[in-house]
There are 2 protein chains.
Amino acid sequence: MLRGQMMDTPLMISGILAHAAQAHGKQEIVTRTVEGPIHRYTYRDCYARTQQLAHALVALGVKPGDRLATFAWNTYRHVELYYGISGIGAICHTINPRLFHDQLEYIVNHAEDRFIFLDLNLVELLEGLADQFPKVEGYIIMTDREHMPETTLKNALCYEDLLEGQPESYDWPLFDENTAAAMCYTSGTTGNPKGALYSHRSTVLHAMGLLAAGTLTMDSTTSVLPVVPMFHVQAWGQAYAAPICGAKIVMPGFRLDPPSLLELFNDEGVNLTLGVPTIWLGLLNHLNETGAKLPAGFVLVSGGAAAPLSMIKAYEEDHGVTYVQGWGMTETSPVCAAGGEGPGFTELDEDTRYARKMKQRRLFGVELRILDDDHNDVPHDGKSSGELVCRGPWIASGYFNDDEASKAAITEDGWFRTGDVATIDEDSLLQITDRTKDLIKSGGEWISSIDLESVAMGHPDVQEAAAIAMPHPKWTERPMLVIVSRDGSSLTADDVLAHLDGQVAKWWLPDDIAFVDELPHTATGKVSKLQLREQFKDHKLPTI
Amino acid sequence: MLRGQMMDTPLMISGILAHAAQAHGKQEIVTRTVEGPIHRYTYRDCYARTQQLAHALVALGVKPGDRLATFAWNTYRHVELYYGISGIGAICHTINPRLFHDQLEYIVNHAEDRFIFLDLNLVELLEGLADQFPKVEGYIIMTDREHMPETTLKNALCYEDLLEGQPESYDWPLFDENTAAAMCYTSGTTGNPKGALYSHRSTVLHAMGLLAAGTLTMDSTTSVLPVVPMFHVQAWGQAYAAPICGAKIVMPGFRLDPPSLLELFNDEGVNLTLGVPTIWLGLLNHLNETGAKLPAGFVLVSGGAAAPLSMIKAYEEDHGVTYVQGWGMTETSPVCAAGGEGPGFTELDEDTRYARKMKQRRLFGVELRILDDDHNDVPHDGKSSGELVCRGPWIASGYFNDDEASKAAITEDGWFRTGDVATIDEDSLLQITDRTKDLIKSGGEWISSIDLESVAMGHPDVQEAAAIAMPHPKWTERPMLVIVSRDGSSLTADDVLAHLDGQVAKWWLPDDIAFVDELPHTATGKVSKLQLREQFKDHKLPTI
């Protein structure tokens, strides 16, 4: 082979912010701070402070390869940590503060985090946990001296004190782009949490790939508000993508309630936002109840779980929103596919348009396949489903210090097993139909729990719905629906069955429907089918 | 350092077309063929034929690392060659058929091209040159059997015959992404041509970087017509960028006259086009003369040379076009910077808006500096100028088999010397003011030939203008303007001086103005200042 004669410049995360400070220096990062007030500064300011942070970290004794944890919301200080920590060759390990305490204990100790950066309103949580973190050397509270609390946390430092007086210029090292830069543990439903370890290369390529796909059409006129937390798969890459194209970033802090979000949407000219369906269902209810409006030209990206068609239609038709469905997971950086539109979309009939809206197109850089149980490719006909596997430079090749989980995650020929079940249609659009663990197998055929839930949630009185498999002597498994009905409604099982009838195959109709006040959720806001199955394990289907 | 745990998947050019065939399989590539008729097919078709081509190349005996030359216009077959050749690990060496014959001889022999692919209307040119290419083993004429001409070219093959019967599926190898993929020689004004050798990595990152910048806002609803030839720095990356985002490609073949372009613009819904100012000046004249219209929402990208402000204004104000200025060169893949707009652009006053339109914003991935003669950084104040140097993964680190030129091109600390003189303003916007070789040094101060030309071309009767340095006993050098006036005008030197007065500093006013019928141009359509200085070497300034 002949080698090209192009520069060997590595893809460095520090280069992203350096670029933004130069090319989009006056663009803003606006934050609803944990302390309360709105904070605004520019990419140039952010870059200067990130360089101060790098000096401070080195002064603290942080070495390349060290893991530093964050327990933090979406704020400008968290952005500084993303860049400052990875910039010196250490690893920014973001942690979801809503995980169960035993998970937090496992994660911090397994990662061997040396320091923990935490937001002001998480001090109490960490004080309760600190005894379980013997290896953590100190805690940096992300606030200024004025707000610094009394705390039992050992070696507690004030973030602003740490930065004060440090030089605003740091000579970022260039090193192998495959070096680890960030880490995020999956909140697995079974077994211990597993750490996805992102590299500089994977992080930069993921952000570039997201922008290059053209699906989100981000540029320097975009104002993006990531509702998806920075502790949840790096806010889906937004803290990297926005500085590359010069978009304004609006960080919501920890207030994700509809009125707080709406205020930022309107005050900061937000035209792009990203989050999970739970957030968007809540916002939609609020809009419908109050008659509040979203800004014009609003693009709403939903991912992390399937969104019901009824919600998508309501946003598009009643609120003039462009809805984009994304797919990804912690191990895939996360975005692998987004947006089902494409050429000729506007000329399609309404049903086809919405069917496409629920699908996703793969990003350049990621390869997707669907496989049957024997590892053969399943036809791309939009009907046949199989386990989704993927490959690409921002897909995990394993987990941090976990050989067993690493081995189980990768196929023999090197593809990542997502654990999702999906179809791919003739236009190569992806649609997730289930988790392998949540599939319902009735009489040898699969029933998609996601489809059942989506149709059920189209009923105006259904607030939330989850379908689970129940054992059945004749059919092996039969579906059962668990429903949270809307406040004040008098919804019955017969109403739901009548609604489903004709929208799903007869043999998909659930054998039983239960009503509950609340569904169990995981720390990332998804319905916990594991807990739900546990909850209903002694329930007996009326059809047995 | 700790290594990330992400897949080691290399960035491969073959992966771009594989992606397009999957994710945007029904999107079109439309070509005005060299044979005459319009040809249209999909990315899926293109991918199938590219795989046939790969089989055919292997059958021809092509090995990884081999150079295969193309003498070809912008057509679908040229796209197939881009992907088929690089896909098997060989190098697609695009050659500008308009170069001088001695340059062509040097280039083909220096590159050691094994085969030459050529378009039907270049057979005669190659027949005249073939004797000078002793190492070329065969010639493949890019047409079907029906159009296959009689030819004296040795081992002449028909492209369509070559593909016929080959399997439509090829198992693309994965290899080191730094492997060479494509080559393009610069048509330097002095010395031998020099070959820039692009790698898979540089090509993929350049295309992603172009899209990620958000400057061109390309997506699957874009219909892009690259007027810039595929032999001229890979058509500025369009044959790679469009398949990544699923844009439609419209290839103009060899007919680049305004009526032919306009026909394609309108018939194929083109909303993005790219080319050099010479093309856009010609199109503008045609629009003004005929009253013809461009499609709505039209974005016109101009690069390769500075465009006069008057032209930019005419396109924006009279023809509703969005004008984007790009900067790059053969050694930079080429695009390093494009588009001076950005946040708040629309609120600027008209003069500031147009001043910005003439500047360019760096793309993420490329670093730019301007240096004085002692290699110190010049202030970014929009006034101080210096030699532009750049660094990044799609910037050349040297030239193919040319140690001397390689050494001269790179600074001691590893930056590429562009030979351009530029300013960078407070917003980091780049503006090229001259070539180092074309600068005019008068009384110890620099005069920008590009600025003088741009202002002169704002006179409605000036068709083209070039400023050159003339030796002067007192001032060392003084500027002289050489002008082609518009047909039928009675423009005088005094008219031009009166027009310049007040728009440039008094001491910038040229000491002499000459009128000529035509300016000398290089093969890439730029004014050849070298030839012009030669032409006027015995001319005596009236001020001496």
Side-chain angles (χ1 to χ4, degrees), chain A residues 1-9 11 16 19 22-27 64-65 89 91 175-176 178-181 196-202 208-209 211-215 217-221 244-246 248 341-343 361-362 364 391-400 414 427-428, chain B residues 1-9 11 16 19 22-27 64-65 89 91 175-176 178-181 196-202 208-209 211-215 217-221 244-246 248 341-343 361-362 364 391-400 414 427-428:
Chain A
M1 299 300 231
L2 180 66
R3 201 180 157 86
Q5 285 182 277
M6 293 281 130
M7 291 186 182
D8 252 342
T9 329
L11 301 171
I16 295 178
H19 164 77
Q22 280 239 345
H24 305 284
K26 294 176 184 164
Q27 184 60 283
I91 289 110
F175 44 80
D176 181 349
N178 292 301
T179 303
L197 192 60
Y198 312 108
S199 68
H200 285 259
R201 173 180 167 94
S202 73
M208 291 179 82
L211 292 165
T215 312
T217 55
M218 283 179 79
D219 59 30
S220 62
T221 65
I244 287 177
C245 68
K248 173 177 172 180
E341 300 203 6
R361 180 171 275 115
R362 64 179 236 182
F364 168 68
R391 185 170 74 170
W394 57 87
I395 310 294
S397 60
Y399 296 100
F400 180 66
D427 294 313
S428 285
Chain B
M1 299 298 230
L2 181 64
R3 201 180 158 86
Q5 285 182 276
M6 293 281 131
M7 290 187 184
D8 250 343
T9 328
L11 301 171
I16 295 178
H19 165 78
Q22 279 239 346
H24 305 283
K26 293 175 185 164
Q27 184 58 285
I91 289 108
F175 43 81
D176 182 349
N178 292 300
T179 303
L197 192 60
Y198 312 109
S199 68
H200 285 259
R201 174 181 165 95
S202 72
M208 290 179 83
L211 292 165
T215 312
T217 54
M218 283 178 80
D219 60 29
S220 62
T221 65
I244 286 177
C245 68
K248 173 178 172 179
E341 299 202 6
R361 180 170 276 116
R362 67 178 235 180
F364 167 68
R391 185 169 74 168
W394 56 86
I395 310 295
S397 59
Y399 296 101
F400 180 66
D427 293 314
S428 286

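Given the structure is predicted, the values throughout are model-derived calculations rather than measurements. Keep in mind that the numbers below use all heavy atoms, side chains included, and drop hydrogens, waters and symmetry copies. Note on naming: letters A, B, ... go to the chains in the order of the sequence lines (proteins, then strands), and numbering restarts at 1 for each one.
The residue among K248(A), R391(A), M1(A), Q27(A) with the most heavy atom pairs within less than 4.5 Å of chain B is M1(A). Contact count against chain A (heavy-atom pairs under 4.5 Å) is highest for G392(B) among A196(B), G392(B), G398(B). Ranked by heavy-atom pairs shorter than 4.5 Å toward chain B, the options I91(A), I244(A), T221(A) are led by I244(A). Counting heavy-atom pairs closer than 4.5 Å to chain B, the top residue among L211(A), D219(A), L197(A) is L197(A). Comparing G89(A), G25(A), G214(A), A180(A) by heavy-atom pairs within less than 4.5 Å of chain B, the highest count is held by A180(A). Annotation: maximal heavy-atom pairing with chain B below 4.5 Å, among S202(A), S428(A), S199(A), occurs at S428(A). Of the residues considered (G246(A), P393(A), G342(A)), P393(A) shows the highest number of contacts with chain B, using heavy-atom pairs under 4.5 Å. Each of D427(B), T215(B), T217(B) has some count of heavy-atom pairs under 4.5 Å with chain A, and the biggest count is that of D427(B).
A side-chain donor-acceptor contact under 3.5 Å links Q5(A) to the backbone of F400(B).
Both the backbone and the side chain of R3(B) come within less than 4.5 Å of a heavy atom of chain A. The part of Y399(B) that comes within reach of chain A is its backbone (N, CA, C, O), which places non-hydrogen atoms under 4.5 angstrom from that chain. With a threshold of 4.5 angstrom between heavy atoms, T179(B) approaches chain A through its backbone and through its side chain. Both the backbone and the side chain of L11(A) come within less than 4.5 Å of a heavy atom in chain B. For chain B, the nearby parts of R362(A) are the backbone and the side chain; heavy atoms of each come within less than 4.5 Å. Interface remark: M218(B) contributes backbone atoms only to the contact with chain A (heavy atom separation under 4.5 Å). Of the two parts of A23(B), the backbone and the side chain both hold a non-hydrogen atom closer than 4.5 Å to a non-hydrogen atom of chain A.
The two residues T9(A) and R201(B) have their closest heavy-atom pair at O-NH2, 3.0 Å. Contact detail for H19(B) and F364(A): the closest heavy-atom pair is CE1-N, 3.2 Å. Closest approach of M6(A) and Y198(B) over heavy atoms only: CE-CD2, 3.4 Å. The shortest non-hydrogen separation linking A396(A) to M7(B) is O-CE, 3.6 Å. Summarising the geometry of A212(A) relative to C245(B), their closest heavy-atom pair is O-CB, 3.5 Å, with the distance given to 0.1 Å.
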